[in-house]
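Below is one structure, written out as C-alpha cells; the observations come after it.
Keep in mind the model is a prediction, meaning the values are calculated, not measured. Below, each value reflects all heavy atoms present in this structure, side chains not excepted, and no hydrogens, waters or symmetry copies. Every chain is numbered from 1, with letters handed out A, B, ... down the list of sequences.
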Amino acid sequence: MNVAISIAGQTPDAPFDARFGRAESFCVVDTDTGAWTFHANPALSASGGAGVLAAQFIARLGAQAVVSGAYGPKAHRTLSAARIECFLAPGNEARSAAEILDAFNSGRLTPADDATHGGHHGD
Amino acid sequence: MRIVVASGKGGTGKTTVATSLAQVAAERDAVRFLDCDVETPNAALFLHPRLDVHRDVGIRVPRVDPQTCNACGTCAEICRFNAIAVVGETTLVFDDLCHGCGSCTWMCPEQAITEHLLVTGSIDSGTTPDGIAFARGMMNVGQAMGMPILRELKKSSPALSPTMTVPPRRTLEIRDAPPGASCPVVETMRGADFVLFVTEPTPFGLHDLKQVAAIARELGLPAGVVINRDGIGDAAVDAYCVESDLPILLRIPMDRRIAEAIAAGSTLVEANLDDRHRFRALLERILAEVTV
Ligand code: SF4
Ligand code: SF4
C-alpha cells in the first residue's frame with residue numbers, strides 16, 4: 001500500500017511536519033517495495049482551502065493512507081471521499097519520515113476517524 | 001462624498017463618533033449611514049432607525065449532478081478558492097470556501113453544475129428619526145464570509161428621505177467600518193473619499209491606528225484622527241500623527257458622562273450641546289481636507 005507522510009524536506013530523514021494542508025512536502029512510500037517519492041505540497045501557497053487542495057494532491061499521488069499531525073474538517077472530508085485512511089502521529093518531539101514510517105508499519109499509529117480541529121475560516 | 005469611520009480594534013468609540021457625525025451632518029445635508037460591521041452591527045442602537053426593508057443576500061454556490069459529472073476535474077482545477085474538489089469519482093463542494101464566482105459552472109465541459117442561492121446574511125434599511133437613511137448588513141450565524149454582504153451593502157443606497165423643506169446642499173455617506181485591519185476594512189474603505197480614524201492615546205491605540213492608517217495610505221485616501229479619551233495614556237499617538245502627517249481633527253476628553261450617555265443609547269451630540277458644535281467643526285474640517 002502507498003502511505004503519504006507530511007514532512008519538512010525531501011529525504012527519508014527529513015523531519016515530520018505535523019500540519020497537513022500547510023505541510024512543506026509529502027513523501028509517498030510503497031510499503032510493499034519500500035520505494036520512496038518526494039513531492040512539494042502545492043497547497044503551501046494557497047490562500048484558502050489548503051487542506052482540500054493537499055488532500056486532492058495526495059489522492060492523485062495514489063496514496064491509500066496518510067500520516068499527519070492534524071486534519072481539518074474539509075481536509076478530512078476530502079480524504080475520506082478519496083478513501084484515504086488518516087493516521088495521527090502523536091507527540092511533539094522531532095522525528096524523521098523514516099521513524100514515522102516504522103511506527104506506521106508496526107501499527108502504532110492511531111487512525112483519525114474525524115477532523116482533529118474545527119478548521120480555518122475561508123475568507 | 002463618502003466618509004469611513006474606522007479604528008483598529010473595537011471599543012475605541014468608533015460607532016459613537018460615526019453616529020454623532022451623522023447626526024450633525026443631517027442638520028444640513030442629506031445623509032446616508034452604512035453600518036459595515038456585518039459581524040456585530042450596533043449603530044442602530046444609537047441612531048434608532050425604523051428598519052422596514054429587509055433583504056436576504058447570499059452567493060450562488062455550485063451543485064454537481066453526479067449523473068452528468070464524469071469527474072474530469074476541470075472545476076477543481078479552475079477554482080481559485082479550493083471550494084470544489086474532485087477525488088476519484090466524487091465531487092465535493094465546500095460552501096464555506098466558495099466565493100460564488102461562477103467559474104466552475106461556466107467551465108464544466110459536461111454542464112453538470114447548477115447554481116443554488118446560499119443565503120449568508122441580510123441587509124436591513126430604513127430611516128432614523130433625524131432623517132438619516134440607514135442600512136446595515138448582517139452576516140448569518142455560522143457563515144464565514146462577510147464580504148458578499150459588505151459589497152451588497154455598499155451598492156445598496158437606502159432611500160434618502162425628504163424631511164427637509166429646502167433641498168440639501170450635498171449628500172454625505174458615512175460608513176461605520178468593522179473593527180480590525182483585514183479584508184472587510186479594506187473593502188469598506190474602497191471607493192471612499194476620506195477616512196476618519198478613532199483611536200485612544202495608548203500603546204494599543206497607536207498599534208491599531210498604524211494598521212488602519214497603512215490601509216488608507218495604500219488606497220491613497222486622505223485621512224484624519226479623532227483621539228478619544230484624551231488625557232489618558234501618553235503622547236505617542238500625537239507624535240505619530242505629526243510624523244505621518246495625519247491631522248488630529250478632534251479630541252474627546254475622558255469623561256464619565258460620555259460613558260453614561262453611550263450606555264443609555266444616545267450619541268455624543270445628543271448628550272451634550274457642546275459636542276454638537278465640536279462635531280460640526282469636525283465635519284467642516286473633513287470637508288476642507290477633501291476639497292484641498
Ligand atoms: S468540471 Fe463538471 S464534469 Fe468535470 S468534474 Fe467538475 S462537475 Fe464534473
Ligand atoms: S463558484 Fe467559484 S469559488 Fe465557488 S466553487 Fe465554483 S469556482 Fe469555486
*Test B/D96 against A/K74 for side chain to side chain contact (heavy atoms under 4.5 Å, CB included), laying out the working first.*
CA-CA 10 Å; B/D96 55 342; A/K74 293 185 272 278; 2.8 Å; yes
Heavy-atom count check: over 12 atoms from other residues, nucleotides or ligands less than 6.0 Å from [X] [atom1]?
{"X": "B/Q211", "atom1": "CD", "value": "yes"}
{"X": "A/M1", "atom1": "CE", "value": "yes"}
{"X": "B/R60", "atom1": "CZ", "value": "no"}
{"X": "B/H207", "atom1": "NE2", "value": "no"}
{"X": "A/R77", "atom1": "CZ", "value": "yes"}
{"X": "B/E115", "atom1": "CD", "value": "yes"}

*Per-residue contact mode, A/A81 against chain B (heavy atom under 4.5 angstrom)*: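 When you check distances to chain B, atoms from both the backbone and side chain of A/A81 fall under 4.5 Å.
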*Measure A/R83 against the heavy atoms of chain B and call it side chain, backbone, both or neither at under 4.5 Å.*
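The answer is neither part of A/R83.
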_Closest contact, heavy atoms only, B/N82 versus A/G48_ =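 That closest heavy-atom pairing would be ND2-O, 2.9 Å.
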*Which pair of heavy atoms, one from A/V52 and one from B/L97, lies closest together, and at what distance?*
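Of all heavy-atom pairs spanning A/V52 and B/L97, the closest is CG2-CD1, 4.0 Å.
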*Residues of residues 62-76 of chain B with any heavy atom under 4.5 Å of a heavy atom in chain A*: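 Within residues 62-76 of chain B, the residues under 4.5 Å from chain A are B/A76.
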*Top residue by heavy-atom pair count (under 4.5 Å) with chain A, among B/V86, B/T90, B/I84?*
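That would be B/V86.
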